[in-house]
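Since the structure is predicted, the reported quantities are computational estimates derived from the model, not experimental observations.
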Amino acid sequence: MCGIVGFIGREAASPILLEGLSRLEYRGYDSAGLAVYDQEQGLQVVKAKGRLQVLRDLTEEGTKVPGTLGLGHTRWATHGAPNDENAHPQVSQSGRIAVVHNGIIENYVELKNFLEGKGIAFTSETDTEVVAQLLEYYYEGDLLDAVYKVLHRIEGAYALGIVCADEPDKLVAVRKDSPLILGYGNGFQMLASDVTAVIKYTREVCYLDDGDVAVLTPDRIQVYDVLGQPEEKERSHVDWEISAAEKGGYEHFMFKEIMEEPKAIRDTISPRIREGRVVLDDLTITREDLERMDRFYIIACGSSYHVGMAAKYTLERLLRIPVEV
């Protein structure tokens with residue numbers, strides 16, 4: 001699973017973002033990147049394929065990317081190959097807006113065709129770049145207004161972190177079917193996909209619900225509901241140590257994975273069920289192709305192999321087709 005970290009405050013953002021990303025390395029990833037705003041240099045984006053250490057070396061532990069507002073991301077490739085161009089953050093054509101994203105934008109092809117028809121050029125193969133380009137398309141001086149317009153166009157599951165060079169006093173967070181938390185600090189605020197990324201800096205957090213949009217400034221966080229109405233979120237105090245927080249309070253990662261499986265299944269299936277029908281926009285195989293198949297193979301290793309063994313029985317019972325793991 002990809003990792004997200006965001007920071008806005010009065011300290012240098014890059015070292016904090018890199019530290020937060022290091023706490024998310026256990027999730028696995030193939031590339032990492034930063035987008036940091038500095039008053040003199042503007043919005044700077046640095047991305048690198050490979051381990052987080054490559055990004056650390058490239059930025060000299062963040063010192064080459066100054067600024068007190070920024071986003072960090074570790075990515076598992078879904079749309080497009082694992083390379084520098086497809087790594088996050090993704091930026092709009094003008095370079096004014098940067099976005100990090102966990103999840104999948106189901107209708108990104110339709111939106112990409114629409115934007116290309118407006119003369120907008122894309123530089124990556126990702127679904128995430130569609131969000132950045134669409135934000136710039138709708139941006140008319142009010143980032144929050146543009147965000148809500150984009151949310152009415154995109155479909156799928158997403159956790160988003162957004163920065164805009166024209167509004168360097170705020171950081172925007174959006175959640176739908178993908179985890180995102182906020183961290184409350186003294187003179188700074190944070191967002192992350194997991195509490196492990198913020199626990200070194202603050203233990204006061206809140207968990208965003210589906211449809212929530214949050215605006216972070218150095219001194220406060222304001223959360224809005226799906227209709228754009230302000231709402232109060234309940235805060236939680238995290239009393240785990242960092243090592244325990246990385247495991248979600250469980251004794252070991254294997255147990256954490258097991259306990260998260262029901263939620264992982266719900267998060268995977270729910271965006272693909274619309275009005276009682278299963279919709280697989282990202283599947284290029286036709287129904288006729290599927291009906292001609294007489295055997296399935298599940299390729300996996302480690303804990304995924306054990307999940308595959310369990311899935312074999314369910315699939316064979318439902319489909320009456322042999323399944324080999």
Could you give the distance from [atom1] ([X]) to [atom2] ([Y]), rounded to the nearest 0.5 Å?
X	Y	atom1	atom2	answer
M309	K312	CE	NZ	7.5 Å
I8	I16	CD1	CD1	12.0 Å
R56	S22	CZ	OG	5.0 Å
I154	I104	CD1	CD1	13.0 Å
E106	L280	CD	CG	8.5 Å
L69	E167	CG	CD	11.0 Å

Test your reading of the model: is there a side-chain donor-acceptor pair from [X] to the backbone of [Y], 3.5 Å cut-off?
X	Y	result
D38	G42	no
R175	S178	yes
T74	G3	yes
Q189	L216	no
N107	E110	no
K149	Y138	no
R75	N86	yes
T202	Y184	yes

Query raised in the report: side chain to side chain contact (heavy atoms under 4.5 Å, CB included) between E129 and T123: does it pass, once the steps are laid out?
Result: CA-CA 8 Å; E129 188 182 354; T123 61; 3.6 Å; yes

Taking NZ, NE, NH1 and NH2 as the nitrogens, is one of them in [X] or [Y] under 4.0 Å from a carboxylate oxygen of the other?
X	Y	result
E155	R274	yes
D194	R23	no
R235	E204	no
E85	K47	no
R51	E25	yes
D177	K263	no
R292	E288	no
K176	D212	no
R320	E316	no

Crowding at [atom1], [X] (>12 non-hydrogen neighbours, <6.0 Å):
X	atom1	value
E140	CD	no
H237	NE2	yes
N186	CG	no

Could you tell me if the side chain of [Y] sits less than 4.5 Å from the side chain of [X], heavy atoms only?
X	Y	result
D169	T217	no
L208	I181	no
L134	R153	yes
L151	V213	yes
E116	F122	yes
L55	L52	yes
R10	D219	yes
I298	V323	yes

Report task. Take Q90 and T128 through the side chain to side chain donor-acceptor pair (under 3.5 Å) test and state the conclusion after the steps. Result -> CA-CA 7 Å; Q90 288 293 319; T128 304; over 6 Å; no

Query raised in the report: Parallel, tilted or perpendicular: which fits the ring planes of H101 and Y158, with parallel below 30° and perpendicular above 60°?
Result: tilted

**Report entry** F188 and F7 aromatic ring geometry - parallel, tilted or perpendicular at 30°/60° bounds
**Finding:**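 It falls in the parallel class, under 30°.
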
Closest heavy-atom contact between [X] and [Y]?
X	Y	value
L34	G72	CD2-CA, 3.9 Å
G308	V325	O-CG2, 3.4 Å
G33	P89	C-CD, 3.6 Å
Q41	P66	NE2-CG, 3.6 Å
G6	L71	CA-CD2, 3.9 Å
S193	N102	CB-ND2, 3.6 Å

**Report entry** Working for side chain to side chain contact (heavy atoms under 4.5 Å, CB included), residues I97 and V163
**Finding:** CA-CA 6 Å; I97 296 174; V163 295; over 6 Å; no

Can [X] and [Y] be counted as having a side-chain donor-acceptor contact under 3.5 angstrom?
X	Y	value
R96	Y139	no
E11	T68	no
S92	Q133	no

Report task. Give the C-alpha distance, both sets of side-chain angles, the deciding distance and a yes or no for side chain to side chain contact (heavy atoms under 4.5 Å, CB included) between E234 and C206. Result -> CA-CA 6 Å; E234 181 181 353; C206 82; over 6 Å; no

Cluster question for you: counting only ILVMFWY and a side-chain heavy-atom cut-off of under 4.5 Å, with indirect links fine, are [X] and [Y] together?
X	Y	result
Y313	F296	no
V198	L17	yes
M190	I221	no
Y224	L182	no
Y207	I199	yes

Query raised in the report: Given the rule in the salt bridge (Lys or Arg N to Asp or Glu O under 4.0 Å) test, do K256 and E251 qualify, once you have shown the distances and angles that lead to the verdict?
Result: CA-CA 8 Å; K256 180 176 186 286; E251 186 177 352; over 6 Å; no

Requested in this report: Please test T59 against L18 for side chain to side chain contact (heavy atoms under 4.5 Å, CB included), starting from the C-alpha separation and ending with a verdict.
Outcome: CA-CA 10 Å; T59 62; L18 289 168; 4.0 Å; yes

Query raised in the report: Are Y137 and F114 close enough that their ring centres sit under 6.0 Å apart?
Result: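 Distance test on ring centres: under 6.0 Å, yes.
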
Query raised in the report: With L171, which of L143, L191, I162 fulfils side chain to side chain contact (heavy atoms under 4.5 Å, CB included)?
Result: L191

